[in-house]
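A quick write-up on the structure given underneath.
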Protein chains: 2
Amino acid sequence: MTPAKRVRKSPEERRADVHGAARSIALESGLSAVTQRAVAERAGVAPGLVTHYADRMELLVAEVFRDIVQEELESVRSAVEAVEGDDVERVIALLHGLIRDYRRDVALVWLDGWSLSRRNEELAATLVDQARAWEDFVAAVFERGDASGAFRAPDPLALARFVIGATDGLSAQATVWAGHEEETVRYVTRTVAGLLGIPTSALARTAY
Amino acid sequence: MTPAKRVRKSPEERRADVHGAARSIALESGLSAVTQRAVAERAGVAPGLVTHYADRMELLVAEVFRDIVQEELESVRSAVEAVEGDDVERVIALLHGLIRDYRRDVALVWLDGWSLSRRNEELAATLVDQARAWEDFVAAVFERGDASGAFRAPDPLALARFVIGATDGLSAQATVWAGHEEETVRYVTRTVAGLLGIPTSALARTAY
DNA sequence: ATCGGTATTGATCGGTTGATCAATAGCCTG
DNA sequence: CAGGCTATTGATCAACCGATCAATACCGAT
């Protein structure tokens, strides 16, 4: 039993290590696999160091959830903002980000979040925050198109809630029903086109 | 410490007791609260008796999930089959069963099921079975209307998958975003009407 | 080179979980 | 009423969980 050689890092760096280990575990095996010992092992560190930096494991889980979900949102956001065309094109990019480019690991993290937030207050609060951030983002896309006259969206926030709720459910389905993404995109496209008061072909003009 | 008085029941009856206790715990506190000791206490029984009848706790959890979900399906099924009117009326009843009459406890059990099935093989298999049963039921409603000419549903199964996925997601949302059920019903109604090729008013003619 | 601050260790505690099984006692049969 | 089958008990085990903290040793400052 040779005592493990120690490496002394700056608190910020070590904190990032622990956080990164927790993050990768969450993406691989779910939020419930983010335990003190599992994180410690992956970070190559003693168990005590994890709670030393994370304070409580529940907080670490909530933070990891926030990071994963936030990154996904920023990814879709930048894809939408990178669109050169009109507001209809932006909606197309949005739907792509919501469904076609969905990431199974992220979808599973969302499901874990819903389930675990019953017993983890911080996680519950974080989940609500992130859901609102998604709503605001999607609603802004619809509002912009409504303002420019590209389509009609009299209640952007309600529409955003609907689209997000629906696509979330479809993503959950897709975690076990793989292979129906194309079909799902078609349905959602038709649906949203109908709700926006534009012809389906307008939202489906790029090749899917 | 007076030894607890024993009551000797038939295996079938005791099994039902244990099962019922597990079921009520799942509806109250989620699938992850269905532990050997919690079930034993609620059933008024020694912990050992729970696993004696359930074999493994994972099996009990899977069975409880199946029962709860199956009962919900049968409830909606009988509501739809009780409709006297035409196939459009049946779709209205279906959407009601899927969204407005949604039960928060059942929705949470679904979420737990998705999350837990990563670590519980039997639960995963049960979840897939139940999801298919829902699909078949909803698809049959659409197929019937298509056959009778009440509306158009060229691919009933795909449409069923879409409607179920979307309403599942919206139900999950509703577990935290309470109070938007009416709005959600309106959106889903418009959406489904559009997909079925009938005027929205046809699906919304009863007072919501 | 050495000293001190502090990052890090890892054993430890109390709590939970599922599973097991010898011992017990209720109730039906004769 | 007696006997025996078996339903039931409850203590016990190993494995995991999060949290804690005195002891340790690394590394920058002097």
Side-chain angles (χ1 to χ4, degrees), chain A residues 1-22 25-26 29-65 112 115-116 118-123, chain B residues 1-22 25-26 29-65 112 115-116 118-123:
Chain A
M1 276 216 196
T2 67
K5 198 181 136 211
R6 292 188 187 183
V7 179
R8 198 184 171 100
K9 296 188 177 182
S10 73
E12 306 79 53
E13 194 179 354
R14 190 62 87 184
R15 197 185 304 272
D17 286 352
V18 168
H19 209 90
I25 290 172
S29 314
L31 285 180
S32 57
V34 178
T35 68
Q36 189 187 28
R37 285 163 182 80
V39 173
E41 190 180 9
R42 173 147 323 187
V45 124
L49 201 61
V50 173
T51 44
H52 174 69
Y53 282 115
D55 236 45
R56 288 182 299 125
M57 287 309 294
E58 290 190 345
L59 283 175
L60 182 57
V61 169
E63 280 175 28
V64 162
F65 174 84
D112 282 344
S115 182
L116 258 44
R118 189 189 297 211
R119 280 160 289 149
N120 183 339
E121 277 187 39
E122 285 86 6
L123 180 58
Chain B
M1 278 216 193
T2 67
K5 199 183 131 206
R6 292 189 187 182
V7 179
R8 198 186 171 100
K9 295 189 179 182
S10 74
E12 306 81 51
E13 195 179 353
R14 190 61 87 183
R15 195 184 306 271
D17 286 353
V18 169
H19 210 90
I25 290 172
S29 314
L31 285 180
S32 57
V34 178
T35 67
Q36 189 188 25
R37 285 162 182 81
V39 173
E41 190 179 9
R42 174 150 322 191
V45 125
L49 201 61
V50 174
T51 44
H52 177 252
Y53 282 114
D55 237 46
R56 289 181 300 125
M57 287 308 294
E58 290 190 346
L59 282 175
L60 181 58
V61 169
E63 280 175 29
V64 162
F65 174 83
D112 283 344
S115 182
L116 259 44
R118 190 189 296 212
R119 280 159 288 150
N120 183 339
E121 277 188 38
E122 285 86 6
L123 180 58

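Just so it is clear, the model here is predicted, and its values are computed rather than measured. By convention in this document, chain letters (A, B, ...) are assigned in the order of the sequence lines, proteins followed by strands, and residues within each chain are numbered from 1.
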Grab the two heavy atoms, one from [X] and one from [Y], that are nearest each other, plus how far apart they are.
X	Y	result
B:V39	B:V34	CG2-CG1, 3.8 Å
B:A38	B:A33	CB-O, 3.7 Å
A:V64	A:L31	CG1-CD2, 4.3 Å

Rounded to whole angstrom units, what separation is found between the [atom1] atom of [X] and the [atom2] atom of [N]?
X	N	atom1	atom2	value
B:L116	C:dT17	CG	P	14 Å
B:H52	D:dT9	NE2	P	11 Å
A:R37	C:dT9	CZ	P	15 Å
A:L49	C:dT6	CG	P	16 Å
B:N120	C:dT17	CG	P	16 Å
A:I25	D:dC17	CD1	P	10 Å
A:E41	D:dG18	CD	P	14 Å
A:Q36	C:dT8	CD	C1'	14 Å

If only side-chain N and O atoms of B:Y53 are considered, is one of them under 4.0 Å from the OP1 or OP2 phosphate oxygen of D:dT8?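 Answer yes for this pair, as a side-chain N or O of B:Y53 is under 4.0 Å from OP1 or OP2.
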Under 4.0 Å, heavy atoms only, any strand: does B:T51 hit a base, just the sugar-phosphate, or nothing?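 Contact class for B:T51: base.
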Against the side chain of A:R56, the closest entry in D:dT9, D:dT8, D:dA19 is D:dA19
Atom pairs, N/O to N/O, protein against nucleotides 26-30 of chain C, distance under 3.5 Å?
| unit_1 | atom_1 | unit_2 | atom_2 | d |
| --- | --- | --- | --- | --- |
| C:dG26 | N2 | B:R8 | NH1 | 2.9 |
| C:dG26 | N2 | B:R8 | NH2 | 2.7 |
| C:dG26 | N3 | B:R8 | NH1 | 2.8 |

Hey, are the side chains of [X] and [Y] touching, using non-hydrogen atoms and a 4.5 Å cut-off?
X	Y	result
B:E41	B:V50	no
B:N120	B:V61	yes
A:H19	A:L60	yes

Please list, by residue number, the residues of residues 10-18 of chain A whose heavy atoms come closer than 4.0 Å to an atom of DNA chain C; answer none if no residue qualifies.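 Those residues are A:P11, A:R14.
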If you measure only the distance, is there a donor-acceptor pair under 3.5 Å linking the side chains of B:S32 and A:R118?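 Absent: no donor and acceptor within the cut-off.
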Ignoring hydrogens and angles, tell me if any N or O in the side chain of A:T51 forms a donor-acceptor pair with the backbone of A:G48 under 3.5 Å. yes
Return the 5'-most residue of the pair A:G48, A:S32 with respect to DNA chain D, ranking by each residue's nearest nucleotide. A:S32
What donor-acceptor contacts under 3.5 angstrom involve side-chain atoms of residues 52-59 of chain B, with partners at least two apart or in another chain?
| unit_1 | atom_1 | unit_2 | atom_2 | d |
| --- | --- | --- | --- | --- |
| B:R56 | NH1 | B:E58 | OE1 | 3.4 |
| B:R56 | NH2 | B:E122 | OE2 | 2.6 |

